[in-house]
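The block underneath contains the structure these notes are about, expressed in structure tokens.
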Amino acid sequence: MGFFNLAAVILTLLLSNAVPIFVDSKGLSEITASFLNYAKEKDVFDWIVGVRRKIHENPELGYEEFETSKLIRSELDKMGIVYKYPVAVTGVVGFIGSGKPPFVAIRADMDALPLQEMVEWEHKSKTPGKMHACGHDGHVAMLLGAAKILQDHHELLQGTVLVVFQPAEEGGGGAKQMIDAGVLENVEAIFGLHVYHDLPLGQVASKPGPLLAGSGFFEAVISGKGGHAAIPQHSIDPILAASNVIVSLQHLVSREADPLDSQVVTVAKFQGGGAFNVIPDSVTIGGTFRAFTKESFMQLRQRIEEVIVGQATVQRCNATVDFLAKERPFFPATINDKGLHEHFLKVAGDMLGIRNVKDMPHLMGSEDFSFYQEVIPGYFFFLGMKTETNEKPASVHSPYFKINEDALPYGAALHASLATAYLLDHQSRTTIASINQHDEL
């Protein structure tokens, strides 16, 4: 059965309510294959790549994505897709389908990083000190690609797909702001993806349950009494105190945490003094902490403050600790819904072959997609883009990070397929429940 014949049959049966609709493996395979072939068509592929390159050349930091948002809205206008703007300052939410329940969402983040790009190529960042070093330019382009696929195959959508373009994932908690703005109202499930430098092109990876850690940040000011380095007895040395603090913080994981409960405490910032022979009045340290459960996370938070204040006191210093909750809200762990994992396996397996759907080990990185998952069932996965070369690809958050643009059609087609199949499955379950209820009556 051809793809458009399949679509016609599905639509006819749904409108007639004659029989329950099952998208069997053959039917689903035709849909996913058609979506992927569509995304790989030269004009569609070139358009997706062009969008990505425009965004890459003009990176914008969290809550500053005004030009990126303008580009997104322009493309949605061209496709005839209605949308809501502004949402959470620069966010955009498009609506594709019937405009009626059920509602399912697919999401991309838009913000760049404060890095100077070191990759020399035609579409290098034009903004000094800013770069799309985490692939969010690709994420936006793929979601727009998915929107195009869905709009051009809207007859398959038995409900409404929300395409969510979110600001400020990089520490700004943009997902939380989108939720506060009501984006998830009546939405039943949400899907998100991230490009992954070390996974081969044509493969995806994820897992049910905990996938990425929860994360928080801290900054502490340790104050002593400055003086000449040659007469330290007349000073209270905050550098010595901070050094003891850093060593003691490492014991929180090595000696207080369950070895089977992955946790991280890293001090990555140390600022104090500006001369070789002067003990400063104060030192500022800062870092991040990660855990997979709320209990472990809050225990780390409590102990970080206790250790910093306590160790500073031992060294006759004072310390204040700030967890930067307003500027950098705590990210919960990214925990994938088990039911959606089965859905993902079915859809991705049909599109790519089940051998190309890999199990992802736990990662201590974090994602603010987790905020959505605290409200509704959500599923997050990684999209491969590694090619068969001897070159070791740079990781995300590196000034040498590059996206393999051949991965973009896969992400667009997966987004569209996951949403379409979810709505068709929902219709199947609803119809079966209605028939069963009728039989009982």
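This chain uses plain numbering: 1 for the first residue, then up along the sequence. None of these values were measured; they are calculated from a predicted model.
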Would you say [X]'s side chain and [Y]'s backbone share a donor-acceptor pair under 3.5 angstrom?
X: T288; Y: G216; value: yes
X: S74; Y: K70; value: no
X: H415; Y: A412; value: no
X: T266; Y: A268; value: no
X: S235; Y: D237; value: no

Under 4.5 Å between any side-chain heavy atoms of [X] and [Y], yes or no?
X: R301; Y: F330; answer: yes
X: T68; Y: T90; answer: no
X: T284; Y: E219; answer: yes
X: C134; Y: H397; answer: yes

With a cut-off of 6.0 Å (strictly less than), are more than 12 heavy atoms of other residues, nucleotides or ligands near [atom1] of [X]?
X: K124; atom1: NZ; answer: yes
X: F270; atom1: CZ; answer: yes
X: E122; atom1: CD; answer: no
X: M79; atom1: CE; answer: yes

Inset, instruction - Dump the intermediate steps for salt bridge (Lys or Arg N to Asp or Glu O under 4.0 Å) on R107 and E169, then the final yes or no. - result: CA-CA 11 Å; R107 167 267 199 180; E169 188 276 331; 5.1 Å; no
Inset, instruction - Among F369, Y196, Y410, F344, find the one that has a ring-ring contact (aromatic ring centres under 6.0 Å, His included) with F382. - result: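 Only one of F369, Y196, Y410, F344 forms a ring-ring contact (aromatic ring centres under 6.0 Å, His included) with F382, namely Y196.
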Value rounded to 0.5 Å, distance of [atom1] in [X] from [atom2] in [Y]:
X: I72; Y: L143; atom1: CD1; atom2: CG; answer: 8.0 Å
X: F95; Y: L162; atom1: CZ; atom2: CG; answer: 4.5 Å
X: D425; Y: T420; atom1: CG; atom2: OG1; answer: 10.5 Å

Closest non-hydrogen atom pair between [X] and [Y], with its separation:
X: P399; Y: Q116; value: CB-O, 3.3 Å
X: V87; Y: A181; value: CG1-CB, 3.7 Å
X: S366; Y: S215; value: OG-OG, 2.9 Å
X: H197; Y: A394; value: CB-O, 3.5 Å
X: V163; Y: A147; value: CG1-CB, 4.3 Å
X: H132; Y: D137; value: ND1-N, 3.5 Å

Legend entry - Stacked cation flag R73 on Y85, 6.0 angstrom / 45 deg: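 Yes, a cation-pi geometry holds between R73 and Y85.
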Inset, instruction - Check the pair Q166, Y372 against side chain to side chain contact (heavy atoms under 4.5 Å, CB included), reporting the backbone distance first and the verdict last. - result: CA-CA 12 Å; Q166 175 211 307; Y372 300 119; 2.8 Å; yes
Legend entry - Residues E405 and R53 bridged, charged N to O under 4.0 Å: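 Salt bridge flag = yes for R53 with E405.
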Inset, instruction - Could you tell me whether K130 and E64 make a salt bridge, using a distance below 4.0 angstrom between a side-chain N and a carboxylate O? - result: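 Judged by the 4.0 Å cut-off on N to carboxylate O distance, K130 and E64 do form a salt bridge.
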Are [X] and [Y] close enough that a side-chain donor and a side-chain acceptor fall under 3.5 Å?
X: E367; Y: T334; value: no
X: S29; Y: D350; value: yes
X: D261; Y: S296; value: yes
X: D111; Y: Y63; value: no

Aromatic ring pairing [X]/[Y], orientation class (parallel under 30°, perpendicular over 60°, tilted between):
X: F218; Y: F289; value: tilted
X: H194; Y: H136; value: perpendicular
X: H153; Y: Y38; value: perpendicular

Would you mind writing out the side-chain donor-acceptor pairs for residues 198-211 within the sub-3.5 Å range, not counting sequence neighbours?
| unit_1 | atom_1 | unit_2 | atom_2 | d |
| --- | --- | --- | --- | --- |
| D198 | OD1 | K386 | NZ | 3.3 |
| S206 | OG | N336 | ND2 | 2.9 |
| S206 | OG | Y379 | OH | 3.2 |
| S206 | OG | F380 | O | 2.6 |

Legend entry - Candidate pair E75 and K148, rule salt bridge (Lys or Arg N to Asp or Glu O under 4.0 Å), full reasoning: CA-CA 9 Å; E75 296 298 336; K148 184 173 182 63; over 6 Å; no
Inset, instruction - Evaluate the salt bridge (Lys or Arg N to Asp or Glu O under 4.0 Å) criterion for residues D180 and K176: first the C-alpha distance (whole Å), next the side-chain angles of each, then the deciding distance (0.1 Å), finally the verdict. - result: CA-CA 6 Å; D180 291 344; K176 188 174 188 304; 3.6 Å; yes
Inset, instruction - Could you go through the side chain to side chain contact (heavy atoms under 4.5 Å, CB included) check for L418 and H343 one step at a time? - result: CA-CA 8 Å; L418 286 165; H343 178 74; 3.8 Å; yes
Inset, instruction - Carefully, step by step, assess F191 and F381 under the rule ring-ring contact (aromatic ring centres under 6.0 Å, His included). - result: CA-CA 8 Å; F191 297 91; F381 65 96; 7.9 Å; no
